[in-house]
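Notes to accompany the following structure.
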Amino acid sequence: MSLLNSLNIGRSGLTAAQIGISVAGENIANAATEGYSRQRVEMIPAPEKDLGYAFVGQGVQISLIRRMVDESVETALRSSASDLNQLSRERDALRRIEDILNATSAVENSFDASGSSRGTDIGSKIDSFFDAIEELSMSPSDPAIRTTVVETGKALTNAFSSTAEDLIEYRDQLNSQVVQDVRDVNALLEQVAEYNQRILEAENGGTDIGEANGLRDRRTQLLTELSRKIEVNVVNAGNSTVNVYAGGETLVFGDDFFRLDLRQTNDGINSIDHVEFESTGSAVDIKGGSLAGLISARDEFLPEVLRDLDQLAGRLSFEFNKIHSEGHGIEFFSSIESVYGVHGTQLEGNPLSTPGTIDGRSGTTYLQSSSLAGLGLDVINEKGLATPFVGVNILFTSGANAGQIRTVTGFNSATGQVSFDHELPFELKKGDAFEVTSFNQPIKNGRFEITVHNNNTGDDTSVIVDVDRDALKGSNVDFTLEDLVGEINSKIDSAFVDLAGDGTRPLAATISHGNHLKLDTVSDDYSFRFGKDTSDLLAAMGLNTFFTGSRALDLGMNENLLDNANYVATGLSGSEGDNTNISGLASLRDAKIFSNGNEKVGEFFIGVISTVAVRSAESNDLVENQEVLGGQLRAERERISGVNVDEEAISLITFQRMFQASARFIAIVDQMMALLMNSI
């Protein structure tokens, strides 16, 4: 073995020690760097030299600077990040919904032992309103109490509409966050694909796998950030690159990435952006991350609360209006116009209301019913196409979508298929009932009463107006607005034969601008009021009603009452002190008109806010549990990949001593070589 070989051994020690010191310094410098993985110098003896009689070492070699990671822990951390961000978004959304509903104070403080709410939310407004109604039932002629009833009614409608507006606005905010998250995902996908290419080049096309430690750390950090947005499956491709999948679909393949896109629809309230692949237009199966949490809050939590509020507002409004429309105040009408008109197609011969039951193919935007096939309705548009029902409401009166309202966009009279403007929350099923009508509430076969009052003599004359949905005109064609006007005028004519000797009737029904029903007396000598209505037509059309609207967002007060509280319908008999009708209205407070006759109005509202509060608490527990699990995984990663400064200090000392010893070894060999040269 030569002295030159000994010098090479010393040189290898110096080099290895120098690299070891550099790696230790790199670790120390990045001890606080997020996503940094500790590196370790792995040394092996250099290949030995065969001297014939023995093998002699050739020094030391650096085999690898290893990046200390456990891929199973990294995968678990990504999964944990996805779950935590999804749950956190859901929890935040539920908390916000609680704030909007004032649910916490309502559940904890605002309801007494009897179930009455005493807070500042919708529930307290309901109680204040019914308190005023009950007070008016004891003094039906008191003008101050009448005004209070109107004002508390207005406050109630404002509470509904403002709450709905806040929920809808928050849903818009969630949708904006979805849009931003998709943009962030696309940016991260592009960067992962870019780092795939950089790592592949740095590692010589996959020949030197595992050498580009810094680049790999950055890619791992990008994948973690991506996991916070959307749950992904990362697969090592075996050539320095990774492939990324979501729900079985490819997001990144080598240095290619597949951008996400947004397709906007409108569900009748909000504009909603749906996530899909830009290249194919197919939907993305989003199962985790903040995107999944935002979408579930936007498309599940919030619509469910809005549906419940709409059901509460719509049912309360309709049931209250049905009773109110049959009574009278301390002042009768000389003129009244329905709040709701009929669609133009229904004026031209189509029925006011056509009921049906689904018995054919149906989805969330169309239905088929044999009862609608062959009706023979011949409303023709400017293109010569039959368009009965188009533009008219379709109400769903049973099944999972009961209470939902859509607008008809197409009708096939041959098959009885109806399409409508936007999706229903649930799939329609065979047997679900519906009604095609211009109104927001259903009507039925029955009759209502109109009483004409002679202001001079005090005499009352009543007529009964039939509402017949069973082929009043024959050929399966039901009651139209023109039929209704004709029916009212015919009954008035029969009751008042040649009142003035000139064929004049004291009360006339007409169709006003916008296709509303209008009733007018011929002079100040007459006034009129309404009576018992078994058809619900008065409430559906908005004649002598208290509320307007059928949803939380559009719930309002009848303008007649806002202008004149004397029209609040307290009685039924015609006398000023009659409280029969207002007592019936007060009884709605305790009537079980919700949940198929199982809940009162207050109980239903408690159920709505309690459901949100319980889900919020459960969501918070899930977040806390996931944070604990994430903390454990981060601690495990820190144990494997984290930098311990004390350990690195020991490594520095070790490599320093190694460097010093190698230098001393070279100095000795140098002295030996000098001695040898001087002796020649």
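- One distance of note links CD of Q311 with CD of Q404; it measures 9.5 Å at 0.5 Å rounding.
- A donor-acceptor contact closer than 3.5 angstrom links the side chains of T545 and N558.
- Closest heavy-atom contact between F277 and T250: CE2-O, 3.8 Å.
- Side-chain N or O atoms of D299 include none that pairs as donor or acceptor with a backbone N or O of S296 at under 3.5 Å.
- If you look at Y245 and F253, their ring centroids are not closer than 6.0 Å.
- Nearest heavy-atom pair, S317 versus L555, reported as atom, atom and distance to 0.1 Å: CB-CD1, 3.8 Å.
- The 12-atom threshold is not exceeded at CG of N596, counting heavy atoms of other residues, nucleotides or ligands nearer than 6.0 Å.
- In terms of heavy atoms, E423 sits closest to R406 at O-NH2, 2.9 Å.
- Side-chain contact between L424 and F426 is absent, with no heavy-atom pair separated by less than 4.5 Å.
- When side chains are defined from C-beta on, N233 does not count as touching V244, because their heavy atoms never get closer than 4.5 Å.
- Of the N and O atoms on the side chains of D181 and Q177, not one donor lies less than 3.5 Å from an acceptor on the other residue.
- Here ring pair (Phe, Tyr, Trp, His ring centres under 6.0 Å) pairs that include residues 165-190, with residues two or more places apart or in two chains, number zero.
- Two residues are said to be in side-chain contact when any heavy atoms from C-beta on lie closer than 4.5 Å; L395 and F434 fail this criterion.
- For the side-chain contact (heavy atoms from CB on, under 4.5 Å) test, residues two or more places apart in sequence or in another chain that qualify with S371 are S369.
- Between the side chains of R95 and N620, at least one donor N or O sits under 3.5 Å from an acceptor N or O.
- Separation of atoms OG (S79) and CD (E231) is listed at 6.0 Å; rounding is to 0.5 Å.
- Within a 6.0 Å radius of CZ in R259, more than 12 heavy atoms belonging to other residues, nucleotides or ligands are found.
- Taking 4.0 Å as the cut-off between side-chain N and carboxylate O, D267 and R171 count as a salt-bridged pair.
- Considering only heavy atoms from C-beta on, L306 comes within 4.5 Å of I168 through its side chain.
- Here the shortest heavy-atom pairing between I286 and A292 reads CG2-N, 3.7 Å.
- Under 4.0 Å is where a charged nitrogen must lie from a carboxylate oxygen, and between E319 and R315 at least one such pair does.
- Listed here is the closest heavy atom pair of R307 and P425: NH1-CB, 3.3 Å.
- One finds a salt bridge joining K444 and D536 here, because a Lys/Arg side-chain nitrogen approaches an Asp/Glu carboxylate oxygen to under 4.0 Å.
- Checked by atom type and distance alone, the side chain of D533 pairs as donor or acceptor with a backbone atom of L538 at under 3.5 Å.
- Note: F420 and F396 have perpendicular aromatic rings, judged against thresholds of 30 and 60 degrees for the angle between ring planes.
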From CA spacing to verdict: side chain to side chain donor-acceptor pair (under 3.5 Å), N440, N393: CA-CA 7 Å; N440 295 326; N393 289 338; 3.2 Å; yes
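- At most 12 non-hydrogen atoms from other residues, nucleotides or ligands lie less than 6.0 angstrom from NZ of K287.
- No side-chain heavy atom of T280 sits under 4.5 Å from any side-chain heavy atom of F258.
- Note that CG of D308 and CD1 of I609 are 11.5 Å apart. Values are rounded to the nearest 0.5 Å.
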After noting the C-alpha distance and the side-chain angles of N186 and E190, does the key distance pass the side chain to side chain donor-acceptor pair (under 3.5 Å) rule? CA-CA 6 Å; N186 283 334; E190 184 175 10; over 6 Å; no
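- Using a 4.5 Å cut-off on side-chain heavy atoms (C-beta onward), T157 and T548 make no contact.
- The shortest side-chain heavy-atom distance between E599 and K592 does not fall under the 4.5 Å cut-off.
- Salt-bridge annotation for R263 and E276: present, with a side-chain N of the basic residue lying under 4.0 Å from a carboxylate O of the acidic one.
- The closest side-chain heavy-atom distance from L484 to L517 is below 4.5 Å.
- Residues H274 and T265 have side chains that bring a donor and an acceptor to within less than 3.5 angstrom of each other.
- For the pair N175 (side chain) and D273 (backbone), a donor-acceptor distance under 3.5 Å is present.
- A donor and an acceptor atom, one from each side chain of T480 and D483, are located under 3.5 Å apart.
- Minimum heavy-atom separation, N85 to R228: CB-O, 3.3 Å.
- Rounded to the nearest 0.5 angstrom, N544 CG and H324 NE2 are separated by 6.0 Å.
- Of the inter-residue distances, the one linking E603 atom CD with S610 atom OG reads 11.0 Å to the nearest 0.5 angstrom.
- A salt bridge (Lys or Arg N to Asp or Glu O under 4.0 Å) with R615 is found for exactly one of E304, E90, E98, namely E304.
- The existence of a salt bridge linking D359 and K430 is excluded, since no basic side-chain nitrogen approaches an acidic carboxylate oxygen closer than 4.0 Å.
- In this structure, CE on M541 lies 8.5 Å from CZ on F448, to the nearest 0.5 angstrom.
- Below 30°, between 30° and 60°, or above 60°: for F130 and F320 the angle between ring planes is above 60°, a perpendicular geometry.
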Test log, rule salt bridge (charged side-chain N to carboxylate O under 4.0 Å, His left out), inputs D432 and K429: CA-CA 6 Å; D432 287 355; K429 295 183 179 180; over 6 Å; no
